[in-house]
Colleague: 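There's a structure below that I have some questions on.
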Amino acid sequence: MAILSLAFTLLFIVVAIVAPILWGEQATVANPSAILTPPGPGHPLGTDALGRDILLRTLVATRLSLVMALVATVMGAVVGLLIGALPTVLGPRAQRLFSSVINTWLAFPVLLVAMLTVILLGAGSNTAVIALALTMTPSFARLAQTLSSRVGGSEYLAAARMLGVSRSRQFTKYVLPNIAEPVIVNVTISIGGGLLALSSLSFLGVGVQPPEYDWGRLLSEAFAQVYTAPAAAVGPGVAVVLAGITFGMLGEALAGHLRTQGGGKVLSRRKLGAAPTAPVPATDVPAAPTALLEVTGLSVAFPGPHGWIRPVHDVTFSIAPGEIVGVVGESGSGKSVTMMAVAQLADAGAAVTARTLRFGHDDLLASSSESRRTLGTKIGVIFQDSLTALNPAMRVGSQLAEVPRVHGKASRASAHRSAVAALDAVRIPEPERRANQFPHEFSGGMRQRALIAMAQMGKPSLIIADEPTTALDVTVQQRVLALLRRECEETGAAAIVVSHDIAVLAELCQRVLVMYAGRIVEDVDVRLLATPELLAHPYTRALAASLPDLDTDRTRPLATIPGEPPALTEQLPGCAFAARCPFATDLCRTETPIAQDHQHGGRVACWHPQDSPLDRQRTLEGAVL
Ligand SMILES: Nc1ncnc2c1ncn2[C@@H]1O[C@H](COP(=O)(O)OP(=O)(O)OP(=O)(O)O)[C@@H](O)[C@H]1O
């Protein structure tokens, strides 16, 4: 669709530039010897009442028709943007005032506004453009107002205000760039609608006046002879419809492109080549047949500007029913991407491959609508940012009630009762009243508890919690964690908890998966994290040892792991941690380690796992202590 709409847009632009230069004169001069000639070799669409070629006139009219539609749409968009978005930086009184103006303006019928403009300014092309711009302005203003209200409540705009950034700069640097994408898409789509509206005005005789002509004017002239020369209406009619469809399609294609790419420039799939797949390993230890979730060889890649970005490689793990497993690792190690891929929530454009992705009896790779329906209720997801995870425009109770309404086909009243009960179960006081409130009326801890309640609504057998307590203070963290554990114990649900915080995982989990540069490097009993010398992978040891405890000497800087993880676009051979590892050998730099059972009862992917208790100092050799 994108290529077709681009090709047609280009064609219209070329015709609009070239046609008036080549045929402008010829299309205007009357030819008494060829009046109302029917379509034929000399005149493919025939001639009009003055003997002028209709095809040439249609082609020449392209410029005026397109320019008028473009100018009117841009005028409407600019004025709409100013009215809708500028009040965001002017304060609440201006916002209220402009909101009333927009509402009143929107209440006027479009045709009435257009006719009033014509009456006041007189018929003509300029009036038609102004009339169209005036009818488009309020809808652009409403769009800009809705989009900019989100920016208005953002922390970055509040910070800019505190820093004393001028209002004009707030508008041009903070508000406009953050609402530009949907506005541009809307302008493109509106050009098509504008063309049709302008043609209608000219057709009615209140738009373009002779000797000027656009497609609407040509249609109007053709209709005067529609019974004697019906072919005369074909040219301008087809042009109007085709141009309208082209700009509509172009806007849709642009919107689709921005949605898929998040606005970033990425290589096309053709240039990127085949999506990366997980290599077939020497050993794929089969998960216990009773495993609730079995993942083998999971890889995720995103199209990027210079090739595939590969944040997750060949990840293998399984979760037993009722088990609570933690996932830990440095920022960017692929924890969230892995879990979102398991929950079938990977970002648009992601290439997700796996050898096995089984949840209960469902093969998630088959991705049938049946397995997707299962996921909606059987896997509950708790997102990191409770404010963005909840719909700000919907009452919390209604959001919770969506699950029984959509999946259980429950009545509105019984779904609401279930939502209130779920809020009560997560210890939200006055659940009936709170269910009728919006997310911004909840505290951070309450929102997070509401998310836990929401994840429980479908009675899932697996909960995926992506950093559920990062945004909360320590006391609230404890309560939310205790709640999550209690919910899992009571319902028998398994959970995967992603966190940076080893202390959080130690509270909650039985087992922890340690991720480094998109791979699981160690799968270990969570209690061993308290004794780094019993861990097997040098990275896990360094990670655990870098955590301060009560015995840590507070007068010395905290331990860090020197070096950086490899770039996601690089595909280096060997172990990704080799460049930072004090035990690395040539084997580590050339061969990717295979996960193997370890004496600590878990598994480790390392060519030199540390079997015996080691001196903490040696593990961190080279580290900044
Ligand atoms: N849609 C995307 N397109 C391109 N790269 C992405 C996309 N989503 C994630 N990434 C990249 O994948 C890598 C892993 O991201 P992920 O969010 O899984 O890390 P993480 O371990 O959860 O980190 P954190 O703890 O900071 O949340 C990051 O480098 C991130 O930039």
Side-chain angles (χ1 to χ4, degrees), residues 181 256-269 271-273 275-276 278 295 298-317 325-354 381-389 448 451 464-472 477 495-505 508-509 512-523 537 539-540 542-543 546-547 560-561 563-572 576-577 580:
E181 276 177 23
H257 176 75
L258 294 174
R259 262 198 308 273
T260 320
Q261 313 300 357
K265 195 169 176 288
V266 297
L267 284 181
S268 68
R269 287 261 170 168
K271 285 195 181 145
L272 282 163
V295 179
L298 175 73
S299 295
V300 184
F302 297 104
H306 307 294
W308 287 102
I309 299 167
R310 303 155 197 260
V312 174
H313 313 260
D314 200 10
V315 162
T316 296
F317 66 95
V325 175
V327 184
V328 71
E330 279 178 343
S331 185
S333 55
K335 306 182 293 293
S336 303
V337 170
T338 304
M339 293 313 141
M340 289 306 116
V342 169
Q344 308 280 283
L345 293 175
D347 286 353
V352 179
T353 55
V381 181
I382 302 171
F383 295 95
Q384 179 177 359
D385 186 347
S386 57
L387 198 55
T388 50
Q448 207 63 36
L451 276 186
I464 295 178
D466 189 359
E467 307 204 22
T469 57
T470 309
L472 306 175
Q477 258 188 27
I496 307 176
V497 184
V498 176
S499 181
H500 285 283
D501 194 336
I502 291 183
V504 164
L505 297 181
L508 200 62
C509 309
V512 69
L513 307 173
V514 183
M515 286 195 74
Y516 183 79
R519 293 178 192 274
I520 292 180
V521 294
E522 191 157 4
D523 176 347
H537 198 286
Y539 171 69
T540 322
L543 190 71
S546 63
L547 276 183
T560 56
I561 308 169
E564 292 289 332
L568 298 179
T569 41
E570 286 177 42
Q571 260 205 306
L572 298 176
F577 190 58
R580 303 169 80 183

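Side chains are part of it too, since the values below use all heavy atoms of this structure and drop only hydrogens, waters and symmetry mates. Everything numeric here is computed off the predicted structure, so don't read it as measured data. Each ligand, and each atom within it, is numbered from 1 in the order the structure gives.
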Colleague: With Ser499, which residues qualify under side chain to side chain contact (heavy atoms under 4.5 Å, CB included), at least two apart?
Modeller: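 Applying side chain to side chain contact (heavy atoms under 4.5 Å, CB included) to Ser499 gives Asp501, Val504, Leu505.
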Colleague: Atoms of ligand 1 less than 4.0 Å from Glu467 heavy atoms?
Modeller: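 Listed by number with element: 24 (P), 25 (O), 27 (O).
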Colleague: If you count the atoms of ligand 1 from 1 in the order shown, which ones are under 4.0 Å from a heavy atom of Glu330?
Modeller: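 Under 4.0 Å from Glu330, ligand 1 has these atoms: 21 (O).
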Colleague: Quick one: which of Asp466, Val337, Val327 has a heavy atom closest to atom 9 (C) of ligand 1?
Modeller: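 It is Val337 that holds the nearest heavy atom.
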Colleague: Which of the numbered atoms in ligand 1 are under 4.0 angstrom from any heavy atom belonging to Ser336?
Modeller: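 So the atoms of ligand 1 that pass are 17 (O), 18 (O), 22 (O), 27 (O).
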Colleague: Would you say Gly334 has any N or O atom under 3.5 Å from an N or O of ligand 1, going by distance alone?
Modeller: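 Yes, Gly334 has an N/O under 3.5 Å of an N/O on ligand 1.
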Colleague: Give a yes or no answer on whether the side chain of Glu522 reaches the backbone of Thr540 with a donor-acceptor pair at less than 3.5 Å.
Modeller: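 No: the side chain of Glu522 does not pair with the backbone of Thr540.
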Colleague: Indicate yes or no: does an N/O atom of Thr338 lie under 3.5 Å from an N/O atom of ligand 1?
Modeller: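 Among all N and O atoms of Thr338, none is under 3.5 Å from an N or O of ligand 1.
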Colleague: Less than 4.5 Å apart, side chain to side chain, heavy atoms only: is that true for Asp466 and Lys335?
Modeller: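 Of all side-chain heavy-atom pairs linking Lys335 with Asp466, none is under 4.5 Å.
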Colleague: How far apart are the closest heavy atoms of Arg519 and Val315, and which atoms are they?
Modeller: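 Looks like CA-CG2, 4.3 Å.
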Colleague: Between Ala341, Ser331, Gly329, Gly518, flag the one that comes closest to atom 24 (P) of ligand 1 by a heavy atom.
Modeller: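 It is Ser331 whose heavy atom sits nearest to atom 24 (P) of ligand 1.
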Colleague: Would you please classify the geometry between the Phe577 ring and the Tyr516 ring as parallel, tilted or perpendicular, with 30° and 60° separating the classes?
Modeller: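 Answer is perpendicular, since the angle exceeds 60°.
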Colleague: Tell me which one of Pro303, Ala350, Pro311, Ala301 gets a heavy atom nearest to atom 13 (C) of ligand 1.
Modeller: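 Residue with the shortest heavy-atom distance to the ligand atom: Pro311.
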Colleague: Please verify whether a non-hydrogen atom of Met339 lies at under 4.0 Å from ligand 1.
Modeller: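 Contact check Met339 vs ligand 1: negative.
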Colleague: Taking C-beta and beyond as the side chain, do Val352 and Leu298 meet within less than 4.5 Å on heavy atoms?
Modeller: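 Touching, per the 4.5 Å side-chain cut-off.
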Colleague: At the 4.0 Å heavy-atom cut-off, does Met340 count as touching ligand 1?
Modeller: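 No, Met340 has no heavy atoms under 4.0 Å from ligand 1.
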Colleague: What closest approach, in Å, do Phe383 and Leu451 show between heavy atoms, and which atom pair accounts for it?
Modeller: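 For Phe383 versus Leu451, the nearest heavy atoms are O-CD1, 3.7 Å.
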